[in-house]
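First comes the structure, then the notes that go with it.
As the structure is a computational prediction, the values presented were derived from the model and not from experiment.
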Amino acid sequence: PYHRERGDEGMGFSQGKTTHHFLLARDGGTIQVTANAPDDRATVEQVRGHLADIARAFGAGDFATPMFVHEQTPPGVPAMKRLKSRISYVYEERADGAAVVIRSQNPEAIAAVQEFLRFQIREHQTGDPVR
C-alpha cells in the first residue's frame, strides 16, 4: 500500500506539494511530477533530481524506489527488469517539474510498462485514464 510518508522519504520531496501523473501511450507511457506552486523552486529541483535518478535507475533495471514506497514489487516490474534493454527511459525537464518518458517497441515490454503505470495510477489515486 502507498503511504505518503514513505513517498516523501523514497522520493525526497513532499507529496503534498506535488502532483503526479502516470500517462499511458501506445508504446509505453510517462511518469510526470510537477510542483503545485510553479514558483516553489526547491520542490521543482527536488522533483527534477528524483526523476533524473528514476530514469537512470529504471534503465539499469533498479526498481528499489517504487518497491520501497509501495512496500511490494509493483506489477510489471519483473518483466521490466528482464526486458530492460528493450525499454528506453528518457528524462525530460518541464517548467514546473519533470517527466520520465518510457518507450518500447516490444509488445511484452509495453504491456509490462502499462501494467506498472496502471498500478501507480491506482495507488496514487491520480485519476489518470487506465486505457
Self-check item: Within 6.0 Å of CZ in R41, more than 12 heavy atoms from elsewhere
Solution: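 Result for CZ/R41: enclosed.
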Can you tell if the side chain of [X] reaches within under 4.5 Å of the side chain of [Y], non-hydrogen atoms only?
X	Y	result
D53	R56	yes
N36	T19	yes
V33	H50	no
R131	L24	no
R94	Q32	yes

Show the nearest heavy-atom pair for residues [X] and [Y], with the distance to one decimal.
X	Y	result
L117	L23	CD1-O, 3.8 Å
A95	R48	O-NH2, 3.4 Å
A35	V44	CB-CG2, 3.6 Å
A109	I87	CB-CG1, 3.7 Å
I110	Q105	CD1-C, 4.2 Å

I'd like to know if [Y] and [X] are part of one continuous hydrophobic network [Ile/Leu/Val/Met/Phe/Trp/Tyr, side-chain heavy atoms within less than 4.5 Å].
X	Y	answer
V100	V90	no
I121	F58	yes
V113	Y91	yes

For the atom pair [atom1] ([X]) and [atom2] ([Y]), what is the distance rounded to the nearest 0.5 Å?
X	Y	atom1	atom2	result
T30	R103	OG1	CZ	5.0 Å
I31	Y89	CD1	OH	8.5 Å
F22	F116	CZ	CZ	7.0 Å
T126	Q120	OG1	CD	9.5 Å
D96	D39	CG	CG	11.0 Å

Exercise. Please list all pairs passing the side-chain hydrogen bond (donor to acceptor under 3.5 Å, both in side chains) test where one or both residues lie in residues 107-116, with sequence neighbours left out.
Key: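 Only R82-E108 qualify under side-chain hydrogen bond (donor to acceptor under 3.5 Å, both in side chains).
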Quiz item: Judged by atom type as modelled, is there a donor-acceptor pair below 3.5 Å linking the side chain of S104 to the main-chain atoms of R86?
Solution: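 Judged by distance alone, yes, a pair lies under 3.5 Å.
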